[in-house]
Amino acid sequence: RLSKIDLEVSDNLEFDDGDCAVIIKSDGSIGRIIMPKMDNEMLNTEGYRKLLDVLDVLQPGAREKFIKYNEKEKGSIH
């Protein structure tokens with residue numbers, strides 16, 4: 001069962017602590033990923049696991065690329 005998604009059209013963005021966002025370009029590619037600081041606490045959240053799922057749906061293989069990027073930038077945290 002999918003959870004409810006609230007759709008809002010706005011000129012500004014408001015984020016709560018721990019929120020993640022995926023920016024999708026008009027051509028369908030992933031533009032940016034906005035998320036809080038990557039640490040072990042973040043890696044253990046359901047939100048992070050869902051973000052990886054979404055990335056892989058939007059762009060197959062993106063999950064592994066994202067994990068490798070974070071390991072390169074921050075050292076192995078997975």
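Note that this is a predicted model, so its numbers are computed, not measured.
The stretch residues 51-62 participates, sequence neighbours left out, in these side chain to side chain donor-acceptor pair (under 3.5 Å) pairs: D53-R63. Sorted by first then second residue, the salt bridge (charged side-chain N to carboxylate O under 4.0 Å, His left out) pairs that include residues 41-51, not counting sequence neighbours, are E46-R49, E46-K50.
Nearest heavy-atom pair across M42 and G18 is CE-O, 4.4 Å.
Residue L52 holds its CG atom at 8.5 Å from CD1 of I33, rounded to the nearest 0.5 Å. Expressed to the nearest 0.5 Å, how far CG of L51 lies from CG of D19 amounts to 11.5 Å.
With sequence neighbours left out, the side chain to side chain contact (heavy atoms under 4.5 Å, CB included) criterion links S29 to K25, D27. With sequence neighbours excluded, the residues satisfying side chain to side chain contact (heavy atoms under 4.5 Å, CB included) with I24 are V22, L58.
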